[in-house]
There are 2 protein chains.
Amino acid sequence: MAHESPTFSPLYRQIRNLIVQALEAGEWQPGQAIPSEQELALRFGVSQGTVRKAIDELAAENILVRRQGKGTFVSTHQDPRAVFRFLRLKAINGGPVLPKSMPLECMRGKAGQEAARNLGIAPGSQIIIVRRVLKLEGKPVVIDEMYLPGDVFQGLSIEQLKDWQGSLYSLFESRFGVRMVRATEKVRAVAAERAVAEVLGVAENTPLLSVERVAYSYGDKPVEWRRGLYSTADHFYINELS
Amino acid sequence: MAHESPTFSPLYRQIRNLIVQALEAGEWQPGQAIPSEQELALRFGVSQGTVRKAIDELAAENILVRRQGKGTFVSTHQDPRAVFRFLRLKAINGGPVLPKSMPLECMRGKAGQEAARNLGIAPGSQIIIVRRVLKLEGKPVVIDEMYLPGDVFQGLSIEQLKDWQGSLYSLFESRFGVRMVRATEKVRAVAAERAVAEVLGVAENTPLLSVERVAYSYGDKPVEWRRGLYSTADHFYINELS
DNA sequence: TAGTGGTCTAGACCACTCC
DNA sequence: GAGTGGTCTAGACCACTAG
């Protein structure tokens, strides 16, 4: 039989995708439990083992979290432990410290070529630009500039950012239904310009990490492009290779 | 029943560890196939499904590689595709390019406090220090300084390093039986000192990435401590977050 | 005690590779 | 065609959590 379908995928992956679709549709909210494996097996008309393998994949991707004896839960950025899933910053002396976000600006604008390419939108589309400082132990360590698609984050304001207690991604999750699932970062070394140096409390031309990130939601949809400048006087960017 | 054994581990993990032990003992060499799941199941007296789950874990850790229809293989740094498993460097314009290693030095020395701590050996133990430059497309991009435990890498010489065609880790694997399995990297931004700047062909004080790595072999044994200085004029350090 | 996920088994069939 | 890993199923029992 000559069927040249590149669309074949095993049953468990189809189930995986059905679960992701239900998540996208908002059927189960972050932090909540999804139905048991038995129930899902019944619903999709497959065996429990197949559902299990689908959930295994989603758990490996940090989209779901299993808890023995309790159920399987939609992972959430509300969880304080989730903060360091995307923030690879550690203090040189001592472990991770909960960062505090200090919003500086929140402006409307139009997407340039680069922002459009990274966000997968048309040049000229409305975007929102957020600038903020991240403080660790009271000291400014990171200055971030974020580019967000305007249609997704409609209504985002500086007041909202200032009022929010918690991580930016937990705000995005609970106010805009946007759940960051994975990201790609490109790291380079750059010299601190005067304005940046002042904010971070370092000398002009001090070497800084430039961390450029594209973050994706379900279905590999890019929903954030950001560039951070990290002072690595007292901190480093940590990475596990395997 | 009050048994306070924290040593419990499921059968498939015990099988996993038995397979790792066999790998450590050199029963199967890098690049070679290990016995089929059926054979292993027979050998260990468990079902094929349990062996499968053990191999699943080892494949997720990149210690084994499955190939449908052919068998399961011991992963190897000889494979050119494996080079970028530990080298997170990409050209700003274009994809990855095969790097060329240029050894500069290979000296004997004694471990200081820091080297001893990172390598898990006694201060004063014999170590080998290797310095080399990594060239991409003919241009020097990285300068590395490596600290290796002397007992493991006995006999390593500058001639051997210069003669070797291939990655450093493939040399370690085939000549010393040392197989790097995972690593931790700490990234910071630093200014180029004069000597380094000259080697990398950049101006003095140019911001560089400082990448400090501890690499581990089977059983989480640290076998390499290195520090690399990366020029990010034409390249960046890439990282996937999830 | 009931319900959840976690482990383990056994067997069937599919997809891929090689001879 | 024979052998490998890949998928799918069904059922049993274990470990953990909660009421």
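In what follows, chains carry the letters A, B, and so on, assigned in the order in which the sequence lines appear, proteins first and then strands, with residues in each chain numbered from 1.
Using a 3.5 Å distance cut-off with no hydrogens or angles, the side chains of B/Ser101 and B/Trp164 do not pair a donor with an acceptor. Between the side chains of B/Ser217 and B/Arg179, no donor N or O sits under 3.5 Å from an acceptor N or O.
For D/dG19, there is no paired nucleotide, since no Watson-Crick or G-U wobble pair has both relevant distances below 3.5 Å.
Distance CD1 (B/Ile55) to P (D/dT4): 12 Å, rounded to an integer number of Å. One can place CG of A/Leu40 at 15 Å from C1' of C/dG3, the figure rounded to the nearest angstrom. Atom-to-atom, CG of A/Asp56 to C1' of D/dG6 comes out at 15 Å; the value is rounded to the nearest Å. Atom-to-atom, CD of B/Glu39 to C1' of D/dT4 comes out at 11 Å; the value is rounded to the nearest Å. In this structure, the CD atom of A/Gln38 is 11 Å from the C1' atom of D/dA10, given to the nearest Å.
With ring centers used as reference points, B/His77 lies 6.0 Å or more from B/Phe172.
Of the listed nucleotides (D/dC8, D/dG6, C/dG5), D/dG6 has the atom at the smallest distance from the side chain of B/Glu37. Closest to the B/Arg52 side chain, of the nucleotides D/dC8, D/dG5, C/dT4, is D/dG5. Of the candidates D/dA10, C/dT4, C/dC8, the closest approach to any side-chain atom of A/Ser47 belongs to D/dA10.
Both A/Arg13 and B/Pro35 lie near DNA chain D, and the one whose nearest nucleotide falls closer to the 5' end is B/Pro35.
Taking only side-chain nitrogens and oxygens, B/Thr72 comes nearer than 4.0 Å to OP1 or OP2 of D/dG5. Of the side-chain N and O atoms in B/Lys53, none sit less than 4.0 angstrom from OP1 or OP2 of C/dC8. For C/dT4, one of the phosphate oxygens OP1 or OP2 lies less than 4.0 angstrom from a side-chain nitrogen or oxygen of A/Ser36. A close approach under 4.0 Å does not occur between any side-chain nitrogen or oxygen of B/Arg67 and OP1 or OP2 of C/dC16. Within the structure, every side-chain polar atom (N or O) of B/Lys70 is placed at least 4.0 Å from both OP1 and OP2 of C/dC16.
The residues B/Arg66 and B/Glu37 are annotated as salt-bridged, a charged nitrogen and a carboxylate oxygen being separated by less than 4.0 angstrom. With respect to the salt-bridge test (charged N to carboxylate O, under 4.0 angstrom), the residues A/Glu57 and A/Arg13 qualify.
Residue contacts shown for B/Gln68 include a base, since a base heavy atom lies under 4.0 Å away.
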